[in-house]
Number of protein chains: 2
Amino acid sequence: MKTTVSECPIEEAMVLLSGRWPTLLLYYLKNGTKRFGDLQRDNPTISHRMLALELRKLEGAGVVKRTAFAGYPSHVEYTLTAAGQRVLPLIDAIGAWWIDTRASTEA
Amino acid sequence: MKTTVSECPIEEAMVLLSGRWPTLLLYYLKNGTKRFGDLQRDNPTISHRMLALELRKLEGAGVVKRTAFAGYPSHVEYTLTAAGQRVLPLIDAIGAWWIDTRASTEA
DNA sequence: CCGTATCCATGATGATACTG
DNA sequence: CAGTATCATCATGGATACGG
């Protein structure tokens, strides 16, 4: 029955960042503004549909900012918000932890 | 076609910790050893099957340690490894970030 | 008590096509 | 170019039952 509603900030944050794309997209946005098509080229394996969905999710969470420009063909830019920039080092820390863990666990 | 194989430590770590249960389980193990049945009671909404799968995943990643005791009925204990303990503060940081972000994004 | 296999319902995702 | 809707497919996860 889906249970849902976590109320736990950790769970909410992990759900937001879970999956293959969110962290990747944040990283591609790290160095500045990107257009929808740029992100599509940067992530050749994400589908057009999923890219749109993930971006909307991140936008809704206040992690990325979406700016649409009038005109035709249309032109939309995505950029990290302050919150988005603040989370990058935290994700890096997780990555560093894993490198360390993986090394000592030994494969 | 699933694409798969990340090679990126961040992606690997996020995949490991993604979803509803991994972080929750780590937290229930925070204060010491727990038996399978304990974790089941702590997480009434996780299915028997998923609990077993998630624990095996975490065990395989070297984040939790599994200890089986001989005898019948069987008796198994789970505890955090050093790596598991090291990741908790990082997850906390993500949680704190989200509390902050959620507050300023305003709902 | 713990673990796994099976079966089945549901959700997630890619492909495609259409609109502004 | 960016976004959305529709459809088909596949993976995920719950329920259940059985085995050690």
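The chains referred to below are lettered A, B, ... by the order of the sequence lines, with proteins before strands, and numbering in each begins at 1.
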Would you kindly say whether Ser18(A) and Arg20(B) are connected by a side-chain donor-acceptor distance under 3.5 Å? no
Nearest-nucleotide check on DNA chain D, Pro73(B) vs Gln40(A); residue mapping nearer the 5' end is Gln40(A)
Could you tell me the separation between the CG atom of Asp38(A) and the P atom of dA2(D), rounded to a whole number of Å? 7 Å
Just how far, in rounded Å, is P of dA12(C) from CD1 of Ile46(A)? 15 Å
Are OP1 or OP2 of dG3(D) and a side-chain N or O of Tyr78(A) less than 4.0 angstrom apart? yes
By nearest atom, which of the nucleotides dC2(C), dA2(D), dG14(D) is closest to the Arg66(B) side chain? dC2(C)
Side chain to side chain donor-acceptor pair (under 3.5 Å) between Glu12(A) and Trp98(B), intermediate numbers included: CA-CA 8 Å; Glu12(A) 291 184 8; Trp98(B) 180 241; 2.7 Å; yes
Quick check: any donor-acceptor pair below 3.5 Å linking the side-chain of His48(B) to the base of dG3(C)? yes
Take the protein atom CE of Met50(A) and the nucleotide atom P of dA2(D), then report the distance between them rounded to whole Å. 18 Å
Charged N to carboxylate O below 4.0 Å: is that the case for Asp38(A) and Arg35(A)? no
Per nearest nucleotide of DNA chain C, the residue lying toward the 5' end, Ser47(A) or Arg41(B), is Arg41(B)
Between His75(B) (NE2) and dG3(C) (C1'), how many Å, whole number? 15 Å
Please report the distance, rounded to the nearest Å, between CD in Glu77(A) and C1' in dA2(D). 13 Å
Determine: side-chain N/O of Arg56(B) to OP1/OP2 of dT4(C), distance under 4.0 Å, yes or no. yes
Does the pair Asp42(B) and Lys34(B) meet the rule for a side-chain contact (heavy atoms from CB on, under 4.5 Å), with working shown? CA-CA 10 Å; Asp42(B) 289 336; Lys34(B) 291 268 192 176; 2.9 Å; yes
Counting side-chain heavy atoms from C-beta on, which of dG20(C), dG3(D), dG20(D) comes nearest to Tyr72(A)? dG20(C)
Nearest-Å distance for atom pair NZ/P, residues Lys57(B) and dG3(C): 16 Å
Give the rounded distance in Å between these two atoms: CZ of Arg20(B) and P of dA12(C). 13 Å
Below the 4.0 Å mark, does dA17(C) have OP1 or OP2 next to a side-chain nitrogen or oxygen of Arg49(A)? no
In whole Å, what is the span from the CZ atom of Phe69(B) to the P atom of dC2(C)? 11 Å
Between Glu54(B) and Lys57(B), is there a salt bridge with N-O shorter than 4.0 Å? yes
